[in-house]
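Just so we're clear, the structure is a prediction, and the values are computed from it rather than from any experiment. Start at 1 with the first residue, then count along the sequence.
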Amino acid sequence: MTPTPTPTPAPAPASVSRNSWAAFHAAQPALADTVRTRFGQYRHHVLATLRADGSPRVTGLEVDFRFGEMWLGMMPYSRKAQDLHRDPRFAVQANPGPDAEMRDGDVRVSGRAVEVTDPDTLARFVEEVKPPEPFHLFRAEPAEVVLTTLDGEDLVVRVWRPGGPVRTIRRGPDNIARSEP
């Protein structure tokens, strides 16, 4: 296993809470299972990072769930890895699929990506996943998880943030947003 050397990552902005996928799953198991299942439907998803000048970069990547964590793996010295070393904030959207039906919903996770350098964790990941080496491995710390679905003519948006309950917003054909308890 040959993880690539990396510069020291920038500290997370104070507004981003540190969290783990396991903590999210413990707090909201049904939503976490739905999100994980949605990511599992396709291999490639869309990652948003911030370039050095602050503009967005959108790239494809694979998302993996194991050991109670959400993992983002990428090629050595890729632009997205460089972006995350500089600023760990990210958003990843599950592949929307081949049609516009949103049958299984739209899923997004945003937060902070922390590079894993622990040799034991890397070895365990390599043993199970067998990724091309060398590689960068980041653990996702969710700061927001969003599931958007359709219910008849209503758009239903469920939002979770650490330390709080799931907030549900329903928007009907009249385009008026209604929060649910």
Is the shortest side-chain heavy-atom distance between [X] and [Y] below 4.5 Å?
X: Arg66; Y: Trp71; value: yes
X: Arg79; Y: Thr59; value: no
X: Pro96; Y: Tyr42; value: no
X: Val157; Y: Val159; value: yes
X: Thr148; Y: Leu155; value: yes
X: Trp160; Y: Pro142; value: yes
X: Phe24; Y: Met70; value: no
X: Asp64; Y: Phe125; value: yes

Any idea how Phe138 and His136 line up, ring-wise: parallel (<30°), tilted (30 to 60°), or perpendicular (>60°)? tilted
Can you list the other members of the hydrophobic cluster that holds Val58, where links are side-chain heavy atoms under 4.5 angstrom apart? Val46
Is the shortest side-chain N to carboxylate O distance from Asp104 to Arg38 below 4.0 Å? no
Quick test of your reading of the model: are Arg86 and Asp83 salt-bridged, counting only N-O distances below 4.0 Å? yes
Identify, with sequence neighbours excluded, every residue that meets side-chain contact (heavy atoms from CB on, under 4.5 Å) alongside Thr34. Leu147
With sequence neighbours excluded, what pairs up with Thr37 under the side-chain contact (heavy atoms from CB on, under 4.5 Å) test? none
Should [X] and [Y] be regarded as members of a common hydrophobic cluster, given that ILVMFWY residues are connected when their side-chain heavy atoms come within less than 4.5 Å of each other, either directly or indirectly?
X: Val166; Y: Trp21; answer: yes
X: Val109; Y: Val156; answer: no
X: Val145; Y: Phe65; answer: yes

Distance, nearest 0.5 Å, that separates [atom1] of [X] from [atom2] of [Y]:
X: Leu61; Y: Arg43; atom1: CG; atom2: CZ; answer: 11.5 Å
X: Phe90; Y: Leu47; atom1: CZ; atom2: CG; answer: 7.5 Å
X: Phe39; Y: His44; atom1: CZ; atom2: NE2; answer: 13.5 Å
X: Met74; Y: Leu72; atom1: CE; atom2: CG; answer: 5.0 Å
X: Leu84; Y: Arg57; atom1: CG; atom2: CZ; answer: 10.0 Å

I'd like to know if the side chain of [X] reaches the main chain of [Y], judged simply by a donor and an acceptor atom lying under 3.5 Å from each other, with no hydrogens or angles considered.
X: Asp118; Y: Thr121; answer: yes
X: Lys80; Y: Gly60; answer: yes
X: Arg89; Y: Arg112; answer: no
X: Gln82; Y: Tyr77; answer: yes

Do we get Arg124 above Phe67's six-membered ring, with its NZ or CZ under 6.0 Å from the centre and within 45° of the axis? yes
For Ser20 and Glu141: C-alpha separation, side-chain torsions, deciding distance, then whether side chain to side chain contact (heavy atoms under 4.5 Å, CB included) applies. CA-CA 5 Å; Ser20 68; Glu141 293 183 345; 5.8 Å; no
Please evaluate residues Arg171 and Asp154 with respect to the criterion salt bridge (charged side-chain N to carboxylate O under 4.0 Å, His left out), reporting the C-alpha separation (whole Å), side-chain torsions for both, the decisive distance (0.1 Å), and the verdict. CA-CA 5 Å; Arg171 187 177 298 274; Asp154 289 355; over 6 Å; no
Tell me the closest heavy-atom pair linking [X] and [Y], and the distance in Å.
X: Pro173; Y: Glu153; answer: CG-OE1, 3.0 Å
X: Ala26; Y: Pro29; answer: O-CD, 3.9 Å
X: Arg51; Y: Pro56; answer: NE-O, 3.2 Å

Please list, chain by chain and in numerical order, all residues satisfying ring pair (Phe, Tyr, Trp, His ring centres under 6.0 Å) with His25, sequence neighbours excluded. none
Evaluation steps, side chain to side chain contact (heavy atoms under 4.5 Å, CB included), between Asp151 and Arg170: CA-CA 9 Å; Asp151 181 15; Arg170 184 176 289 269; 2.9 Å; yes
Output all residues satisfying side chain to side chain donor-acceptor pair (under 3.5 Å) with Gln93, sequence neighbours left out; order by chain, then residue number. Asp106
With sequence neighbours excluded, tell me which residues meet side chain to side chain donor-acceptor pair (under 3.5 Å) with Arg178. Asp174
